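We name chains A, B, ... by the order of the sequence lines, and we start the count at 1 in each one. Values in this document were obtained by computation on a predicted structure and should not be read as measured data.
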There are 2 protein chains.
Amino acid sequence: MDTEIANLLGALSLAVMDRIEQGAREVIGRGGETPAALIVIGYGEGMTNEKLRRILGLSHSGTVRLVDRLVSDQLVERRPGDDAREVALHLTPRGAAARKELMASRISAVASLLNVLSPAETKRLGTLIRDVLMRQDTSEMDRFTICRMCDDRVCTRCPLPTAKGKRGR
Amino acid sequence: MDTEIANLLGALSLAVMDRIEQGAREVIGRGGETPAALIVIGYGEGMTNEKLRRILGLSHSGTVRLVDRLVSDQLVERRPGDDAREVALHLTPRGAAARKELMASRISAVASLLNVLSPAETKRLGTLIRDVLMRQDTSEMDRFTICRMCDDRVCTRCPLPTAKGKRGR
DNA sequence: GCGCATATATGCGCAGCGCACATATATTTG
DNA sequence: CAAATATATGTGCGCTGCGCATATATGCGC
């Protein structure tokens with residue numbers, strides 16, 4: 001049955017995200033969309049509050065307060081944007097370091113679940129996951145949303161259609 | 001690279017959980033571990049607060065307040081347990097209906113991502129996911145935790161070692 | 001300049017959760 | 001059997017994460 005496989009993927013995804021979120025909380029001491037925000041801000045220089053908001057799927061105020069937390073944790077700083085209405089978000093050195101640690105923690109959390117497969121099985125699984133992602137009908141923003149925790153040092157060929165999922169534009 | 005595949009699984013898992021959580025919030029108007037709690041309570045009659053706490057990975061008080069919410073939403077009722085210290089949690093008719101809707105929403109959310117694969121590909125993916133889960137080194141409680149959103153009408157042969165993952169015991 | 005859209009910030013409140021503590025019932029031990 | 005201990009639940013309090021409504025500042029078209 002197809003639903004049985006959907007159920008299995010749901011269970012695996014839950015296990016994966018549990019581990020990712022736990023690791024993220026250990027690294028930066030924050031939960032919710034805060035770790036994703038740190039990663040997204042690092043994709044490009046000068047991410048704005050508004051773009052971040054759309055990628056994370058939060059409200060305006062929620063995003064402002066999230067950035068407040070990142071600023072007070074000295075991981076991010078607000079600089080004036082080219083457009084004087086905008087705030088350009090930049091990682092501090094501490095923020096860049098935390099971001100790297102965050103992504104490493106995420107990869108290692110997933111890998112620890114995955115390393116029970118043989119290399120051949122892993123490769124087959126990778127191909128299938130790539131196919132699933134490649135064939136999704138995603139808007140530009142959807143792609144950034146799905147990729148909001150992705151490790152851009154590792155994801156050199158993002159399968160999502162028509163974008164690399166790497167730039168904060 | 002192995003880490004590349006880990007990254008892809010992380011991205012897919014995030015997409016899957018985003019959709020599951022959004023659907024759950026639409027069905028019962030609550031987030032966090034509340035939907036999982038409703039599903040877990042439905043696995044068996046007389047789930048206790050303490051067992052629930054361990055499965056969901058929450059604190060005592062967090063669990064009590066979570067159950068308070070379910071009770072005030074008239075989805076769950078507290079009955080005296082066999083052991084007079086325990087509270088036996090039971091779904092109300094409304095709770096059982098919400099639970100079914102919750103699980104259906106979850107399956108359909110995952111299936112909508114998965115239906116881009118051919119039947120043969122889907123089957124291969126199912127086999128690989130089953131292998132990943134089957135080979136995990138999980139404690140008894142880990143299994144309930146991983147299965148805390150599983151649809152017991154669909155998951156007739158849970159791959160997790162040494163248990164069916166179906167009973168609330 | 002004026003009206004409107006865009007981007008950010010703030011006041012306020014709620015959901016979800018943990019810590020510390022209190023209470024009630026079982027279980028073990030002397 | 002009584003006392004100490006373990007187990008299960010409930011409560012006061014506060015924090016994090018977030019949304020709604022509103023206010024302010026800047027850009028853009030006319």
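Under a 4.0 Å N-O distance rule, the pair A:Glu4/B:Arg130 qualifies as a salt bridge. The pair B:Asp18-A:Arg148 meets the salt-bridge criterion, since a charged nitrogen lies less than 4.0 angstrom from a carboxylate oxygen. Under 4.0 Å is where a charged nitrogen must lie from a carboxylate oxygen, and between B:Arg53 and B:Glu33 no such pair does. Between A:Glu21 and A:Arg19 there is no salt bridge, since no side-chain nitrogen of the basic residue lies less than 4.0 Å from a carboxylate oxygen of the acidic one. A salt bridge does not link A:Arg124 to B:Asp131: none of the charged side-chain nitrogens sits closer than 4.0 Å to a carboxylate oxygen.
Atom C1' of nucleotide D:dT9 and atom CZ of B:Arg53 are separated by 12 Å, given to the nearest angstrom. With rounding to whole Å, A:Glu50 atom CD is found 15 Å from D:dA25 atom C1'. In this structure, CG of B:Asn49 is placed 11 Å from P of D:dA8, rounded to the nearest angstrom. As rounded to whole Å, 16 Å separates atom C1' of C:dA7 from atom CG of A:Leu58. The separation between A:Asp68 atom CG and C:dA9 atom P is 7 Å, rounded to whole Å. Residue B:His60 contributes atom NE2, which lies 18 Å from atom P of D:dG12 at whole-angstrom precision. Here C:dA7 presents its C1' atom at 12 Å from CG of A:Leu89, a figure rounded to the nearest Å. Spacing between atom CD of A:Glu33 and atom C1' of D:dC18 amounts to 11 Å, rounded to whole angstrom units.
Remark on DNA chain C: of its neighbouring residues A:Arg54 and B:Gly57, the 5'-side contact belongs to A:Arg54, judged by nearest-heavy-atom nucleotide. Comparing A:Gly29 and B:Glu86 against DNA chain D, the residue whose closest nucleotide sits nearer the 5' end is B:Glu86. Residue-to-nucleotide proximity on DNA chain D shows that, of A:Gly62 and A:Asp82, the 5′-proximal contact is made by A:Gly62.
The side chain of A:Arg69 places an N or O atom within less than 4.0 Å of a non-bridging phosphate oxygen (OP1 or OP2) of D:dC18.
Nucleic acid contact class of A:Val64 (heavy atoms, under 4.0 Å, all strands): base. Residue B:Arg78 is classed as a sugar-phosphate contact, given heavy-atom separations below 4.0 Å to backbone atoms only. Counting any heavy atom pair closer than 4.0 Å across all strands shown, B:Gly31 reaches sugar-phosphate atoms only and no base atom. A:Arg65 comes within 4.0 angstrom of a nucleotide base, judged by non-hydrogen atoms across all strands.
For B:Ser61 against C:dC19, a side-chain-to-base donor-acceptor contact under 3.5 Å is present. Taking only distance into account, the side chain of A:Thr63 never meets the base of D:dC18 through a donor-acceptor pair shorter than 3.5 Å.
Counting only heavy atoms from C-beta on, A:Arg85 has its side chain closest to D:dA25 among D:dA21, D:dA25, D:dA6. The listed nucleotides are C:dG16, D:dT9, D:dG19; the one nearest the side chain of B:Thr48 is D:dT9.
Note that the OG atom of A:Ser61 and the CG atom of A:Asp68 stand 10.5 Å from one another [nearest 0.5 Å].
Across all strands shown, D:dC30 pairs with C:dG1; the Watson-Crick or G-U wobble distances both stay below 3.5 Å.
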